[in-house]
Protein chains: 2
Amino acid sequence: MPDSQSPKPNTREAILDAAEAVVTEEGAGRLTIDAVVARSGFSKGGVLYHFPSKIALLEGMVARLMGTIEHDLEAAETAAQQAGEPVASHLLRVIADKRHLESDLPVALLAASAEQPHLLDPARALNQRLWERIRDASSDPIQALILLLVIDGMSFNDLIKFKQFSDEDRAAVKARLIAMSKDLFQ
Amino acid sequence: MPDSQSPKPNTREAILDAAEAVVTEEGAGRLTIDAVVARSGFSKGGVLYHFPSKIALLEGMVARLMGTIEHDLEAAETAAQQAGEPVASHLLRVIADKRHLESDLPVALLAASAEQPHLLDPARALNQRLWERIRDASSDPIQALILLLVIDGMSFNDLIKFKQFSDEDRAAVKARLIAMSKDLFQ
DNA sequence: GTCTATATCAAGATAGAC
DNA sequence: GTCTATCTTGATATAGAC
């Protein structure tokens, strides 16, 4: 099905790229429309045509990030099914994956959500769906919850650079989590 | 020991009160010097005499919050010593206490730290000290770390309203944590 | 230590040409 | 769909009187 609606290379994506670059290279505090304009090469009018407000831009950034994560989750699911392994543990592995948290992008969106509480709603929804799937696939919901909370705790600590973990700590925690998830998923 | 230095009722504290009120009642995004001025009843000049910049004000808010938490920790420590119980589990209980996270104040400071990364340094330092104390008091550091990470995970989820927990979930997790901490601290 | 008044500026957003 | 130019606002901060 050819895309007759948008023949041009996607300007929206280029703007979102620029916005992410601003955040990761200049910091969350420098994410202004002017900065995105300067970095994208488009004019202010051009940027504001695609994202009529700063909130719209932030929503676009959240939506794209959620899309990326969903894509990773679906890939993990497919891989698990093909390998005949429990899907839930693969989903857990994706959640524990640090890659999506390594840039300053999630911090920037988190910060922006303090002013616009609804901004993270898509992230909340994805998070909740995922937790419910893992819970329902487990033989012990509370054990599953504890497992997820350990991962959440580690992720959040990494995100805002609170507790600093050594590689040994990480490896040891991971080993325990694997032990704790023995026989948890069918 | 009479306080000969500051005979007047503490203006600084009143300004910090106003700043907290702005955050909790109007939201993190409305924390401006003007808003603090309006709410405190002082003039802009007066506020800026005590906190010469917005960053200074935020630093003051962080410092006071950390002071409150330290106070709670010391109280827990004294109580534990008097009861002849392990200090570490009392510290854990304070960390798990939701009270300090229930207002929007921590979210606001978290958001502000995206622009001013050093803002949370006092919080990071307190958090790290606390973790080290608990770790050193435990017979199994990794088990202690996992315990803390569960609490962190729950706290952060509450803070940014990610996962929503039922009271039953909370009670069940708490029971597991107590079971997990059996014989962990001397 | 607290006030009023004002300077300065950055940022979001609009209008209309092309 | 993209541009330039301009408007408007809200916020930080300064200066100096009291």
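Between B/D169 and B/K163 there is no salt bridge, since none of the side-chain N atoms of the basic residue sits less than 4.0 Å from a carboxylate O of the acidic one. With respect to the salt-bridge test (charged N to carboxylate O, under 4.0 angstrom), the residues B/R170 and B/D158 qualify.
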Side chains of residues 92-101 of chain A: which donor-acceptor partners sit under 3.5 Å, not counting sequence neighbours?
{"from": "A/D97", "atom 1": "OD1", "to": "A/R99", "atom 2": "N", "distance (Å)": "2.9"}
{"from": "A/D97", "atom 1": "OD2", "to": "A/R99", "atom 2": "NE", "distance (Å)": "3.0"}
{"from": "A/D97", "atom 1": "OD2", "to": "A/R99", "atom 2": "NH2", "distance (Å)": "2.8"}
{"from": "A/H100", "atom 1": "NE2", "to": "A/D72", "atom 2": "OD2", "distance (Å)": "2.9"}

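Out of D/dT2, C/dG12, D/dT12, the shortest distance to the side chain of A/T11 is found at D/dT2.
A/Q81 places no side-chain N or O within 3.5 Å of a backbone atom of A/V87 that could act as its donor or acceptor partner.
Rounded to whole Å, the distance from CG on B/L31 to P on D/dG10 is 17 Å. The CD1 atom of B/I33 sits 20 Å away from the P atom of C/dT6 (whole-angstrom rounding).
For the segment residues 37-62 of chain A, the set of residues with a heavy atom within less than 4.0 Å of an atom of DNA chain C comprises A/K44, A/L48, A/S53, A/K54, in numerical order.
Pairing each heavy atom of A/V47 with each of A/V37, the nearest pair is CG2-CG2, 3.8 Å.
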